[in-house]
Participant: 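Starting off with a structure, shown below.
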Amino acid sequence: MTTIKLSFRNIKKSFKDYAIYFFTLILGVAIFYVFNSIESQTVLIEVTESTYEVIDMMTTMISAASVFVAFILGFLIIYASRFLMKRRNKEFGIYMLLGMSKRKISMVLFFETILIGIISLAVGLGLGVLLSQLMSMLVANMFKQI
C-alpha cells in the first residue's frame, strides 16, 4: 500500500479527530480572506473624503486584528496538531511494529497534512468569498452607498 493511499485511509478513518483541525484551518483561511479583501472592496464604493478617512481607519484596525487572529489561529493549529499526535501514538507504534520505517511514517503524516491543507484551503477560500461579499454589502450599507 502506498503512503498516499494510507494517508487517505487514515484521514477517512480518523475524520472525527481531524474535524477540529480541519475547521480551524477553514475558519482561518476564510477570516484572512475576508479581512484582506475589505480594502479592495471599499475601493468600489464611491465615498466622500470624510468617509474615506473612516474606511482607511477601519482597514488599519482590521489589519491589526488580522495579526491578532493569526496568532490565535497559530496556537489553535499547534494545539490541534499536538492533540492529533498524542491520540495517534498507538497507531504509529503499530506501524513501527509492522516494520514501517520512521521515514515512511513521516511521509504518511506529510501527505495527510498536505491533503487536509489543500481541502481546507479550497473550502476556506469558497467560504471567504461568500463572507467577503456579505461583508462588502454590510460596509456599503453602513455608509449608505447601496
Side-chain angles (χ1 to χ4, degrees), residues 2-93 95-96 101-146:
T2 66
T3 55
I4 295 175
K5 286 182 184 179
L6 185 60
S7 297
F8 274 119
R9 197 183 87 218
N10 285 343
I11 290 171
K12 286 180 188 177
K13 182 184 75 172
S14 57
F15 185 74
K16 289 180 183 178
D17 292 337
Y18 273 112
I20 193 161
Y21 183 65
F22 182 66
F23 290 121
T24 302
L25 291 175
I26 289 173
L27 181 67
V29 170
I31 287 173
F32 281 113
Y33 186 88
V34 169
F35 279 5
N36 293 319
S37 68
I38 286 178
E39 186 175 0
S40 64
Q41 291 173 355
T42 56
V43 171
L44 301 175
I45 303 172
E46 295 177 20
V47 294
T48 62
E49 186 144 339
S50 63
T51 307
Y52 177 77
E53 291 174 7
V54 171
I55 290 175
D56 189 43
M57 183 177 69
M58 183 179 71
T59 56
T60 303
M61 289 175 61
I62 286 174
S63 295
S66 180
V67 171
F68 177 71
V69 168
F71 282 114
I72 298 295
L73 286 172
F75 286 119
L76 279 173
I77 289 169
I78 290 170
Y79 174 76
S81 296
R82 287 184 179 173
F83 173 75
L84 285 172
M85 292 301 115
K86 285 181 182 178
R87 287 195 64 131
R88 297 182 67 195
N89 273 341
K90 290 180 184 176
E91 178 185 345
F92 299 143
Y95 287 154
M96 291 182 83
S101 67
K102 288 183 181 181
R103 183 179 180 280
K104 201 77 147 162
I105 294 172
S106 297
M107 290 302 291
V108 168
L109 287 174
F110 175 75
F111 285 125
E112 287 177 14
T113 304
I114 293 297
L115 290 171
I116 293 286
I118 289 171
I119 293 168
S120 62
L121 180 65
V123 174
L125 284 176
L127 185 63
V129 167
L130 293 174
L131 291 176
S132 71
Q133 295 302 316
L134 290 173
M135 185 64 84
S136 66
M137 289 174 23
L138 178 72
V139 170
N141 195 23
M142 276 176 40
F143 294 106
K144 308 284 189 236
Q145 296 295 324
I146 293 182

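The structure displayed is predicted, hence computed values, not measured ones.
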Participant: Atom CZ of Phe111 and atom CD1 of Ile116: how far apart are they, to the nearest 0.5 Å?
Facilitator: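 With rounding to 0.5 Å, CZ (Phe111) is 14.5 Å from CD1 (Ile116).
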Participant: Tell me, with the steps shown, if Phe92 and Met96 meet side-chain contact (heavy atoms from CB on, under 4.5 Å).
Facilitator: CA-CA 6 Å; Phe92 299 143; Met96 291 182 83; 5.6 Å; no
Participant: So, taking the atom named CD1 in Ile119 and the one named CD1 in Ile114, what distance separates them when rounded to the nearest 0.5 Å?
Facilitator: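 Here the interatomic distance stands at 11.5 Å.
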Participant: Nearest 0.5 Å please: distance from the CD1 atom of Ile72 over to the OG1 atom of Thr24.
Facilitator: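 That separation rounds to 12.0 Å.
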Participant: Which atoms form the tightest heavy-atom contact between Ala80 and Tyr21, and what is the distance?
Facilitator: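 Where Ala80 meets Tyr21 most closely, the heavy atoms are CB-CD1, 3.7 Å.
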Participant: With sequence neighbours left out, what residues match Tyr95 under side-chain hydrogen bond (donor to acceptor under 3.5 Å, both in side chains)?
Facilitator: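 With neighbours one apart ignored, the set is Asn10, Glu91.
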Participant: So how far is it from Lys13 NZ to Arg88 CZ, rounded to the nearest 0.5 Å?
Facilitator: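 With rounding to 0.5 Å, NZ (Lys13) is 6.5 Å from CZ (Arg88).
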Participant: Looking only at non-hydrogen atoms, find the nearest pair between Leu109 and Met85 and report the distance.
Facilitator: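 The answer is CD2-CE, 3.7 Å.
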Participant: State the CD1-CZ distance between Ile11 and Phe8, to the nearest 0.5 angstrom.
Facilitator: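 Rounded to the nearest 0.5 Å, the CD1-CZ separation comes out at 7.0 Å.
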Participant: Does the Ser120 side chain pair with the main chain of Ile26, one donor and one acceptor, at a distance under 3.5 Å?
Facilitator: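 No: the side chain of Ser120 does not pair with the backbone of Ile26.
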Participant: Going by the rule side chain to side chain contact (heavy atoms under 4.5 Å, CB included), which residues pair with Leu130 if we only count those two or more places apart in sequence or in a different chain?
Facilitator: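 Leu130 satisfies side chain to side chain contact (heavy atoms under 4.5 Å, CB included) with no residue once adjacent residues are dropped.
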Participant: Please give me the minimum heavy-atom distance between Ala30 and Leu131, naming the atom from each residue.
Facilitator: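 Where Ala30 meets Leu131 most closely, the heavy atoms are CB-CD1, 4.4 Å.
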Participant: Not counting sequence neighbours, which residues clear side chain to side chain contact (heavy atoms under 4.5 Å, CB included) with Ile31? List them please.
Facilitator: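 Ile31 satisfies side chain to side chain contact (heavy atoms under 4.5 Å, CB included) with Leu27, Phe35, Val69 only.
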Participant: Can you tell me how far the CD1 atom of Ile77 sits from the CG atom of Leu25, to the nearest 0.5 Å?
Facilitator: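 Spacing of CD1 (Ile77) from CG (Leu25) equals 4.5 Å.
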